[in-house]
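Take a look at the structure set out below.
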Amino acid sequence: MRHLFKTLAVLSLVAFSAADLAAQDSEGFQVLKKQFIDGDWRFMAIVLICLILGLAFCIERIITLNLASTNTDKLLSRIGERLEAGDVEGAKEVAKSTPGPTASVLYEGLRHSAEGPDAVEKAIVSYGSVQMGLLERGLVWISLFIAIAPMLGFMGTVIGMIQAFNRIETVGDLSPAVVAGGIKVALLTTVFGLVVAIILQILYNYIVNKIDGIVNRMEDASIALVDIMATNNTFTTTTRPRV
């Protein structure tokens, strides 16, 4: 019976804690909603749109980069096994069937194996630039929203101050009640704009770091592929008659 009472007491504490957290979340949302409305919804709505669009681009890039990540050591090991057996076509199939930019670059290198090491390196460099451009797609829009959000906040600040001085001019009195509304709008728009920029900047840096990691692994894998092909005498030279 004593254990039953203890269990009921613990469950009651958990239930009360969950209820308190839900109440705090609801209260926090209401405060945020009120501040959003008080900050002049016209500018706050534009800042919110910047946040939504920026998050959409960030989430798309994060998902794409996670899918593009490849275990390069395992991939090179499988390709090396095929090349060691003299099966260049099998190595191509391994690279072709593996998703991600690293595998695509290695496939391009293997595809030009019959043209010699210089052609392989040239193909890897050229196609690596293409893949890097694809990895960085959408970053310019994230950078745009990072720059626009605080600018919109500062614009709201300027407009709020103009409204405050207009009220002073109209009323002819420099009392706190007259200018409080305009100053509040100015401060709220600035805060929301900076918060949006900070959130997107953190995600942007994470994405750039992710891209750098993929590119570094891609370069290391490309160098390793050339070494593997040279070790297994994969390059075949063809002599062409001079004209």
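Quick caveat, the model's predicted, so the values are computed rather than measured.
- For NZ of K122, the number of neighbouring non-hydrogen atoms (other residues, nucleotides, ligands) closer than 6.0 Å is 12 at most.
- Closest non-hydrogen pair, P101 versus I214, comes out as CG-CG2, 4.0 Å.
- Under the 4.5 Å side-chain contact rule for hydrophobic residues, I198 and L53 do not share a cluster.
- Of all heavy-atom pairs between R61 and L135, the closest is NH1-O, 2.9 Å.
- Ionic pairing of E89 and K92 is present here: one or more N-O contacts between side-chain nitrogen and carboxylate oxygen are shorter than 4.0 angstrom.
- Under the 4.5 Å side-chain heavy-atom criterion for ILVMFWY residues, no single connected hydrophobic cluster contains both V105 and I223.
- Using cut-offs of 30° and 60° on the angle between ring planes, the pair F57 and W141 is parallel.
- With values rounded to the nearest 0.5 angstrom, L51 atom CG is found 10.5 Å from F145 atom CZ.
- Side chains of L110 and K96 form no contact here, defined as non-hydrogen atoms less than 4.5 Å apart.
- Remark: side-chain polar atoms of N209 are not paired, donor with acceptor, to backbone N or O of N205 under 3.5 angstrom.
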Chi angles and distances behind the side chain to side chain contact (heavy atoms under 4.5 Å, CB included) call for T72, L106
CA-CA 10 Å; T72 55; L106 297 183; over 6 Å; no
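- Considering I62, L65, T64 in turn, L65 is the only one that fulfils the side chain to side chain contact (heavy atoms under 4.5 Å, CB included) rule with K210.
- How far CD1 of I148 is from CD1 of I49: 11.5 Å, rounded to the nearest 0.5 Å.
- Side-chain N or O atoms of S222 include one that pairs as donor or acceptor with a backbone N or O of M218 at under 3.5 Å.
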Does R82 form a side chain to side chain contact (heavy atoms under 4.5 Å, CB included) with V88? I'd like the steps, not just the answer.
CA-CA 7 Å; R82 298 293 191 279; V88 179; over 6 Å; no
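- The OG atom of S129 sits 11.0 Å away from atom CG of L134, with the distance rounded to the nearest 0.5 Å.
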Step-by-step side chain to side chain contact (heavy atoms under 4.5 Å, CB included) determination, Y204 to C58
CA-CA 7 Å; Y204 177 85; C58 289; 5.7 Å; no
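- Here the CD-CD1 distance, from E136 to I207, works out to 11.5 Å after rounding to the nearest 0.5 Å.
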The test is side chain to side chain contact (heavy atoms under 4.5 Å, CB included); show your working for L152 and V196 and say whether it passes.
CA-CA 11 Å; L152 291 172; V196 170; over 6 Å; no
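- The pair E108-R111 counts as a salt bridge, with a side-chain nitrogen and a carboxylate oxygen less than 4.0 angstrom apart.
- When side chains are defined from C-beta on, L203 counts as touching L55, because their heavy atoms get closer than 4.5 Å.
- In terms of heavy-atom proximity, A95 sits nearest to I79 at CB-CD1, 4.2 Å.
- The side-chain heavy atoms of M229 and P117, taken from C-beta on, include no pair separated by under 4.5 Å.
- Shown here for A123 and H112, the closest heavy-atom pair between the two residues is CB-ND1, 3.6 Å.
- In the hydrophobic clustering of this structure, Y107 does not group with M132; members are Ile, Leu, Val, Met, Phe, Trp, Tyr whose side-chain heavy atoms approach within less than 4.5 Å, directly or through other members.
- When every heavy atom of I146 is checked against every heavy atom of P150, the shortest pair comes out as O-CD, 2.9 Å.
- A continuous path of hydrophobic side-chain contacts links V215 to Y206 [ILVMFWY only; heavy atoms under 4.5 Å].
- Once rounded to the nearest 0.5 Å, the distance linking CG of L194 with OG1 of T189 reads 9.5 Å.
- Within a 6.0 Å sphere centred on CD of E84, other residues, nucleotides and ligands contribute 12 heavy atoms or fewer.
- Note: the hydrophobic cluster containing L200 also contains L144 (ILVMFWY, side chain heavy atoms under 4.5 Å, direct or indirect links).
- Closest non-hydrogen pair, V120 versus G109, comes out as CG2-O, 3.4 Å.
- Annotation: the span from F192 atom CZ to C50 atom SG amounts to 14.0 Å, rounded to 0.5 Å.
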